[in-house]
2 protein chains.
Amino acid sequence: MTKHQNNKEQAILAAAKEEFLDKGYDGARTTSIACNAGVTHAMLHYYFKTKEQLFERIFHETMGMLVEGILEVFAKTEKPFKQRMAEALEIHFEVIKQNPRLPLFMIREVASRPERFAVIKNVISTFAGNLLATMQKDINQAASNDEISPIDATTLLLDMISLNVFPFVVKPVYEAATGLDLNADSAFWEQRKAENIELIMRRLTPTQDSSQFIVHSS
Amino acid sequence: MTKHQNNKEQAILAAAKEEFLDKGYDGARTTSIACNAGVTHAMLHYYFKTKEQLFERIFHETMGMLVEGILEVFAKTEKPFKQRMAEALEIHFEVIKQNPRLPLFMIREVASRPERFAVIKNVISTFAGNLLATMQKDINQAASNDEISPIDATTLLLDMISLNVFPFVVKPVYEAATGLDLNADSAFWEQRKAENIELIMRRLTPTQDSSQFIVHSS
DNA sequence: AAAAATATTAACAATTTTGTTAGAATTTTC
DNA sequence: GAAAATTCTAACAAAATTGTTAATATTTTT
């Protein structure tokens with residue numbers, strides 16, 4: 001009757017994504033994936049020869065999503081730099097919020113298998129070079145107008161990513177420490193987003209003596 | 001001749017720490033640990049009945065170090081709040097820098113095995129309550145003197161930890177993306193530390209209209 | 001509807017990984 | 001230095017996990 005549409009393959013992919021995101025490559029079990037997908041274990045090997053191949057499929061998809069999401073953030077207009085940055089922060093935060101497990105997934109897999117560097121390198125360096133160069137140009141211009149404090153684009157980007165991503169990465173630990181359930185606490189995330197914007201905006205605002213507080217290490 | 005000092009047990013512990021920090025519980029192999037420790041595989045099970053027990057030993061030790069390190073940061077004097085905060089940031093950053101793999105280790109293990117929440121909860125909540133309360137009192141006092149902008153202690157703490165910890169957590173990805181070797185790049189870490197202090201100092205500095213830049217989500 | 005291609009199953013095989021055991025060697029205690 | 005406790009070894013066992021295969025069912029093509 002109904003056309004054959006490989007819905008088992010899709011079910012396996014969906015279950016695999018869950019499993020890999022949750023437990024990482026090493027913790028994931030192909031039997032568990034097959035079971036959650038409602039198919040026999042042999043089917044998994046029929047569609048995806050090995051666990052590694054199945055993982056790679058998920059890894060690429062996931063990386064793609066993350067990078068698309070970040071790209072979207074910086075495809076921006078001609079407003080003042082500070083305002084663009086505030087909007088980028090907000091969009092970036094929301095992208096992460098909608099895919100809160102992706103960052104830890106990526107970090108974990110790259111950390112435990114450096115051979116996956118290559119994928120990351122390709123995906124990111126394709127556009128990161130342009131992005132950073134463009135951003136630095138905008139920064140320099142805004143700084144020369146005294147619109148903002150001068151800053152290195154890479155530095156600013158890492159500020160932004162640290163502030164926006166880390167809370168999601170550390171969420172399980174935070175919940176363990178406080179006993180709170182952050183999924184049910186939308187006020188927490190709204191406050192966090194506002195705080196991150198506040199921090200970066202203050203960072204960019206020109207001051208008379210911008211490095212008065214820097215402490216030099218022994 | 002020499003007294004018997006369980007140096008095999010120590011060797012196993014050292015190798016286990018390496019293995020677990022590097023690969024996580026799921027990726028670690030007891031055979032590999034025994035091999036790196038230069039002992040037979042059976043010895044591992046002689047001293048530590050199971051992989052789980054060996055892991056727990058390492059996990060506790062590691063958590064202890066991390067918490068001690070952070071405690072040390074806040075056992076501070078009577079200087080102005082901003083200066084104390086700058087010093088705390090610097091010390092905190094250095095503690096992480098000397099144990100750069102601990103944060104990801106903790107995050108990874110708690111994320112993939114929520115039953116380890118209990119350990120974290122005990123260790124942290126023992127002192128975090130006092131810390132936060134004390135900090136909030138200091139903040140309120142400094143704010144009432146117009147020394148700093150008012151801020152929630154929890155928020156400030158998460159700002160600090162995000163900025164200081166995330167660069168170490170994301171290091172492998174950063175290296176994959178840029179092709180740099182950050183271990184050999186002490187200038188990078190000095191700059192990062194300075195940037196984090198700059199950010200927090202600006203966040204604490206009073207302004208006329210401190211929330212002018214907050215963007216509200218749709 | 002027959003032939004061809006594809007999807008599915010159940011049972012099995014290979015490997016990896018953790019854990020055990022019985023006994024030998026060594027160290028410590030008395 | 002003999003007895004007791006302990007450290008250690010080598011071989012083995014059990015379980016889990018990934019991967020295969022041969023036969024069967026279903027779908028698609030002609």
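A, B, ... follow the sequence lines: proteins, then strands. Residue 1 opens every chain.
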Open item on the list: Any carboxylate oxygen within less than 4.0 angstrom of a Lys/Arg side-chain nitrogen, looking at B/Lys17 and B/Glu61?
Closed with: no
Open item on the list: Strictly below 4.0 Å: does B/Lys49 bring a side-chain N or O up to OP1 or OP2 of C/dT18?
Closed with: no
Task: Minimum side-chain heavy-atom gap A/Val165-A/Val169 below 4.5 Å - done: yes
Open item on the list: Whole angstroms only, please: what is the CD-C1' distance between B/Gln53 and C/dG19?
Closed with: 12 Å
TODO: Select base, sugar-phosphate, or nothing to describe what B/Ala34 touches, counting heavy atoms under 4.0 Å on all strands.
DONE: nothing
Open item on the list: Could you tell me how far apart A/Asp26 (CG) and D/dT18 (P) are, to the nearest whole angstrom?
Closed with: 11 Å
Open item on the list: Nearest to the A/Thr50 side chain among D/dG19, C/dT21, C/dT8, which nucleotide is it?
Closed with: D/dG19
Task: Atom-pair distance (CZ on B/Phe48; P on C/dT17), nearest Å - done: 21 Å
- [ ] Specify the separation, in whole Å, of atom CD of B/Glu9 and atom C1' of C/dT27.
- [x] 16 Å
TODO: Could you work out which one of C/dA10, C/dG19, D/dT17 sits closest to the side chain of A/Thr40?
DONE: C/dA10
Task: A/His45, nearest nucleotide to its side chain (from D/dG19, C/dT8, D/dT7) - done: D/dG19
Open item on the list: Check B/Asp26 with B/Arg113, please: is the shortest side-chain N to carboxylate O separation under 4.0 Å?
Closed with: yes
Open item on the list: Among D/dT7, C/dG19, D/dA10, which nucleotide has an atom closest to any side-chain atom of B/His41?
Closed with: C/dG19
Task: Whole-Å distance separating the CZ atom of B/Phe55 from the C1' atom of C/dT18 - done: 16 Å
Open item on the list: Tell me the interatomic distance from A/Tyr46, atom OH, to D/dT24, atom C1', rounded to whole angstroms.
Closed with: 13 Å
Task: Separation of D/dT18 C1' from A/Lys51 NZ (nearest whole Å) - done: 9 Å
Task: Distance-only donor-acceptor check, side chains B/Lys97 and B/Asn164, under 3.5 Å - done: no
Open item on the list: What is the distance, to the nearest angstrom, from the CE atom on A/Met43 to the C1' atom on C/dT9?
Closed with: 9 Å
Open item on the list: Need one value for B/Thr30: base, sugar-phosphate or nothing, where a base atom within 4.0 Å counts as base even if backbone is also close, heavy atoms only.
Closed with: sugar-phosphate
Task: B/Tyr47, nearest nucleotide to its side chain (from C/dT20, D/dT7, C/dT9) - done: D/dT7
TODO: In plain terms, say whether B/Glu190 and B/Lys193 are close enough for a salt bridge, that is, a side-chain N and a carboxylate O under 4.0 Å apart.
DONE: yes
